[in-house]
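The structure under discussion appears below in the form of structure tokens.
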2 protein chains.
Amino acid sequence: MADVDVPPGYEPREYPPFAVTVDLVVLTVQDDRLVVLLVERGERPLGLALPGGFVRPDEDLVDAARRELREEAGLSAPGHLEQLGTYGAPARDPRMRVVTVAYLVLAPDLPAPVAGTDARAARWVPVDSFGQGQRDTVPPLAFDHDEIVRDGVERARSKLEYTPLGAAFCPREFTVAELRRVYETVWGRTLDPRNFHRKVTGTAGFLTPTGRTTTRDGGRPAQLYRVGSLVTLYPPMLRQGA
Amino acid sequence: MADVDVPPGYEPREYPPFAVTVDLVVLTVQDDRLVVLLVERGERPLGLALPGGFVRPDEDLVDAARRELREEAGLSAPGHLEQLGTYGAPARDPRMRVVTVAYLVLAPDLPAPVAGTDARAARWVPVDSFGQGQRDTVPPLAFDHDEIVRDGVERARSKLEYTPLGAAFCPREFTVAELRRVYETVWGRTLDPRNFHRKVTGTAGFLTPTGRTTTRDGGRPAQLYRVGSLVTLYPPMLRQGA
DNA sequence: GCAAAAGTGTTGCTGTTACACCCATGG
DNA sequence: CCATGGGTGTAACAGCAACACTTTTGC
């Protein structure tokens, strides 16, 4: 209740200074698995962590996220970027007081390796490894990044229910089946191909037909689509039910 | 790309210092209107603003939110508190670089006046005043607080769809009709009393019957309920549809 | 009794599920 | 021709909207 409690308007430096960072939960679908981008830290605390870094003095938070995405993940045009949440427990970073604003990025599977201009090694890691249970393959992440990854995955799962954001995981042009496999991977369940097709093609604004077709998935040629103008899906597509 | 870009691990003070605040969007229902708590600022920039204040050096963000809620709103047991989002545009505060973490609070209509221990005058203001249209009654809020209020209201509206959080606006024991009026007020539409009753009483875990009844709403005595253990409502209750 | 509000029954609509079936390609 | 996946038709079912109707109080 001391001087930190007086109303704002005095000398800036009277208020406790914090470091502010952005961290990125970059998700994509690779080989029918939902994976998150992690980087190997060169400093203490060592280990794997989310890509991210300090916000600059005159930089907006979302701009910092976009910059880190470019610098650390080599991504300049993600499918989708949104704020996920802010994590600021006093001891979350052992070195100093850091408040981090986490951003969620949904990206298509990239043909080019995500090396980034940054020297740090980047890895895609399946998110199954972050459940409460088995942590066979991946050691715990640095800081509170395990929690942030879990929150990001849950956000992605629920966003697919009521937005057309599944397409953010797809290339610019994609088939209904490719989109369906994204949903199946993210939700960890199978969906009826016929009903899924009807749902997404029958909802006005979800998909924009290109008129072209492809046979890259085998079988009968499939229509190619781009994302439509729809923002929220009503009624939503629910992940449970079967 | 200068020194702010080196990996973490050096002197804390090499990183740009930010002030971090929490701001509160406290919503309640009064006289069939959804209202938000605002405080009159005594400092520049003058005008109405959200209650809030600086996070202390060793304080968790949510603890800061709870403390400000107690100090500035006189509320110690809100119905619900959750993180809303973080706002950090470089010029959002003309005095210094401030990143604020906004929290959303849903509170029952309080019999006691919300004065708070703080000296600042607190007012409840209908949120209709924050639409794109008419701003007859209320001048624009300080900083970016108009935007934060809009985001909070939208979050509250959608939360009522898929959680039982409408009860957070009600006293500890309430009738189905009282709960319905909360939904009607927050969503700005009428709901069929009979279908609403069936929905909330028929969903296991939504309500806990107390066994008691009341006639405070007139007419036939109504059962009194408390909130149940349910956390997410499946299937959701959708605000549109009629 | 009458007004008011609680609560139940019922019907039709909307949207989903499950699955039979046909279409168009590569081999 | 056959395997593979794309796409349509359809019937059973679930949940919801609309609304007639009964119940229980205050006045």
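Residue numbers begin at 1 in each chain, while the letters A, B, ... track the order of the sequences.
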For atom CG of B:L191 and atom P of D:dA18, their distance in whole Å: 11 Å
Can B:R67 and B:E71 be counted as an ion pair, charged N to O under 4.0 angstrom? yes
Taking atom C1' of D:dA14 as reference, at what distance in whole Å does atom CD of A:Q240 sit? 14 Å
Between D:dT24 (C1') and B:R216 (CZ): distance, integer Å: 17 Å
Could you work out, with ring pair (Phe, Tyr, Trp, His ring centres under 6.0 Å) as the rule, every residue matching A:Y162, not counting sequence neighbours? none
With sequence neighbours excluded, tell me which residues meet side chain to side chain donor-acceptor pair (under 3.5 Å) with B:E82. B:H80, B:R155, B:K159
Output the rounded distance in Å from CZ (B:F196) to C1' (C:dA6). 14 Å
Suppose we screen for salt bridge (charged side-chain N to carboxylate O under 4.0 Å, His left out). Which residues come up paired with A:D63, at least two apart in sequence or across chains? A:R66
Nearest-angstrom distance from the residue atom CZ of A:R212 to C1' of C:dA24: 20 Å
Mind calculating the distance between CG (A:D192) and P (C:dC21) to the nearest angstrom? 16 Å
Output all residues satisfying salt bridge (charged side-chain N to carboxylate O under 4.0 Å, His left out) with B:R226, sequence neighbours left out; order by chain, then residue number. B:E173
Does D:dC16 have its OP1 or OP2 closer than 4.0 Å to a side-chain nitrogen or oxygen of B:K199? yes
Taking side chain to side chain donor-acceptor pair (under 3.5 Å) as the definition, give me every residue that meets it alongside A:R220, ordered by chain and number, with sequence neighbours left out. none
Separation of C:dT14 atom P from A:M237 atom CE, nearest Å, is 21 Å
Between the protein and nucleotides 4-8 of chain D, which nitrogen or oxygen pairs are less than 3.5 angstrom apart?
residue	atom	partner	partner atom	Å
D:dG6	O3'	A:P221	O	3.4
D:dG6	N2	A:R220	NH1	2.7
D:dG6	N3	A:R220	NH1	3.1
D:dG7	OP1	A:Q223	N	3.1
D:dG7	OP2	A:H197	NE2	3.4
D:dG7	O5'	A:H197	NE2	3.4

Using atom CZ of B:R189 as one end and atom C1' of D:dA18 as the other, report the distance to the nearest whole Å. 12 Å
